[in-house]
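Below you'll find the structure, written out as structure tokens, and then a few comments.
Counting begins at 1 with the first residue of the sequence.
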Amino acid sequence: QNANSPRLLVQNNALNPGALTSLHLGSEDKLTVKNANLRIENSILLPVDIELENANLELKGQIEDLPQGLLENSTLTFIDPARVSENFIWPSNSKLIFKNGLHLEGQIRNTNSSPLNSLSILVTGEISSDDDNLIINGYSLELINSQEFNKIELLNGAVITTPRTSSPTQSVIELIASEFLIDATSKIDVSGKGLSFDPQNEQYDGASHGGKGGITLWFADNKPAVTHGSITYPSSYGYGAQIPAYGGPTYGGGAIKISAGIFTLEGKIIADGDQPYASNKGGSAAGGTILIDVNKLRSETGNFIISASGGNGVDVAGGGGGGRVAIYYNEFEHIDISRIQTFGGLAGNFDRAGHGEAGTIYLEEKDNNINREVSVIGSGSKSRYDMYDCLSANYLCPITTISDLPENVAFVGGYINFDSQNNLNLKSLNFNASRVVINKNFSVETLGLKNSIAHIYGQHNSISKELTLENRS
């Protein structure tokens with residue numbers, strides 16, 4: 001249109017791959033791609049304007065700076081390492097993919113009025129920055145690798161997530177920072193980023209993780225899959241459940257680890273299992289894993305949520321089992337433990353299905369060798385439930401199976417079954433508002449029950465120092 005400002009317009013309404021194209025564009029040029037796929041190879045892209053509309057553009061070669069421009073319903077992919085030196089203009093309903101790392105001299109920020117979370121960024125490899133800070137301001141960042149910074153902040157509707165895992169042994173992505181902040185509008189969300197259906201699971205049953213999935217009573221011989229993963233230091237993923245003839249499985253919660261000096265949490269960390277669509281009759285997925293290791297965990301408002309809960313079942317299907325949360329800390333500030341959740345999912349609409357078991361919540365004060373607490377709270381009802389209402393039917397208050405424990409442990413809530421391959425040998429074992437079944441021989445120095453009921457079936461049991469019963473126990 002103008003000899004001083006040449007443009008290249010590529011249009012292909014069929015969205016067929018375009019031919020490889022070599023371009024040399026000056027700093028005043030503009031590249032417009034509409035309704036097409038385009039790949040530019042072996043070029044050094046200087047700062048130019050790029051306008052993408054319903055398009056996919058791949059750039060291969062040294063990228064001196066992230067280009068400015070407008071993206072609408074499009075994907076911009078950088079094959080080789082890329083660099084951001086200034087604030088990037090906020091795209092609309094678009095995705096940026098960095099396949100070989102990203103260096104930030106500036107920050108990617110919201111610089112126009114587009115809705116929050118309209119930009120999704122996927123990074124493979126290392127993210128680095130000149131000031132060693134990662135500020136995620138109003139966009140979604142998908143990470144394939146662990147990342148470490150001096151400071152990490154999630155602001156203005158920001159989201160960190162991960163891809164769906166492909167293996168139960170895949171390493172958990174870890175975020176490391178001296179200072180970590182998630183504001184009230186932002187979250188880390190790996191819900192549905194876990195595994196597909198567990199081959200051990202029967203059709204229509206909820207999937208298992210920290211707690212067993214709820215069974216369907218539609219088939220009398222069904223048994224949910226066994227629980228898996230560690231109570232004290234979990235790194236496992238939630239499984240999904242089968243949906244026979246209804247379009248595929250649900251997916252379990254993913255896994256995330258956070259290591260920080262001071263962690264300020266006002267928003268959410270979520271690793272919940274999927275819930276099937278209303279038209280599907282399959283069981284729900286289990287919750288995933290959240291592992292936090294900090295010096296200080298604080299919240300100014302106290303309105304945070306940490307959740308690795310199972311999904312709700314549909315129709316005759318069972319709810320998903322709760323996941324696993326473990327928190328290692330030296331100091332809590334305004335932390336309400338009831339806002340940490342590993343609920344089992346609700347059963348489907350029929351009365352011939354069971355709720356998922358609650359998962360486990362493990363809290364360890366790192367400088368105190370005595371304080372080891374496991375919480376088993378809620379099951380299907382999405383809240384703490386009264387154990388005295390659990391006597392009529394086990395599937396209404398399912399049992400959470402416990403298999404590995406530290407030597408000093410306190411349980412809060414839950415309908416708990418000790419079903420370890422080994423006998424229990426502990427220093428202290430305490431229960432508060434729990435119903436407990438112990439099928440193994442055990443040896444403890446102190447056993448304490450408060451507002452709890454214990455059924456002990458082992459033949460050789462020893463309490464060497466103290467037995468305490470309080471409040472209707």
Side-chain angles (χ1 to χ4, degrees), residues 1-2 4-112 114 117-130 134 136-145 147 161 163:
Q1 296 179 0
N2 185 316
N4 296 323
S5 181
R7 300 182 178 205
L8 173 67
L9 177 65
V10 180
Q11 290 182 319
N12 182 346
N13 292 328
L15 277 175
N16 293 323
L20 298 182
T21 304
S22 297
L23 300 173
H24 181 275
L25 300 176
S27 61
E28 299 298 321
D29 297 334
K30 181 176 182 179
L31 173 65
T32 301
V33 184
K34 296 183 178 181
N35 303 313
N37 294 334
L38 179 66
R39 179 182 175 101
I40 302 175
E41 292 193 341
N42 303 321
S43 65
I44 297 177
L45 187 70
L46 299 173
V48 297
D49 289 338
I50 290 183
E51 180 178 346
L52 303 181
E53 182 179 330
N54 301 317
N56 299 312
L57 174 62
E58 290 188 349
L59 301 176
K60 180 173 175 56
Q62 180 182 352
I63 306 299
E64 296 293 337
D65 193 10
L66 196 66
Q68 301 291 322
L70 175 66
L71 288 74
E72 184 173 349
N73 299 316
S74 300
T75 299
L76 177 58
T77 301
F78 298 88
I79 305 298
D80 294 318
R83 171 184 303 269
V84 175
S85 62
E86 297 180 359
N87 294 344
F88 182 65
I89 293 179
W90 183 260
S92 174
N93 300 321
S94 299
K95 186 170 186 176
L96 300 177
I97 299 176
F98 299 91
K99 290 192 172 183
N100 200 7
L102 171 64
H103 181 77
L104 299 169
E105 294 178 3
Q107 295 292 340
I108 301 175
R109 299 180 185 273
N110 182 357
T111 56
N112 65 25
S114 295
N117 295 327
S118 62
L119 170 63
S120 174
I121 298 177
L122 169 65
V123 180
T124 301
E126 182 182 0
I127 304 175
S128 60
S129 69
D130 283 359
L134 177 62
I136 306 169
N137 194 337
Y139 61 88
S140 176
L141 177 63
E142 185 174 356
L143 297 174
I144 297 179
N145 303 91
Q147 304 292 338
T161 188

Please tell me if the side chains of [X] and [Y] come closer than 4.5 Å, counting only heavy atoms from C-beta onward.
X	Y	answer
Glu58	Thr75	no
Ile136	Ile121	no
Asn56	Thr77	no
Leu102	Leu96	no
Ile144	Pro163	yes

- Gap separating the CG atom of Leu57 from the CZ atom of Phe78, nearest 0.5 angstrom: 8.0 Å
- How long is the span from the CG atom in Asn100 to the CD atom in Glu126, to the nearest 0.5 Å? 11.0 Å
- Heavy-atom closest pair, residues Lys60 and Asp80: CG-OD2, 3.6 Å
- Message: Looking at Ser74 and Ala55, would you say the former's side chain and the latter's main chain have a donor-acceptor pair under 3.5 Å?
- Response: yes
- Query: Can you list the residues that meet the side chain to side chain contact (heavy atoms under 4.5 Å, CB included) rule with Asn145, with sequence neighbours excluded?
  - Reply: Thr124, Gln147
- Any residue meeting side-chain hydrogen bond (donor to acceptor under 3.5 Å, both in side chains) with Glu142, in chain and number order, not counting sequence neighbours: none
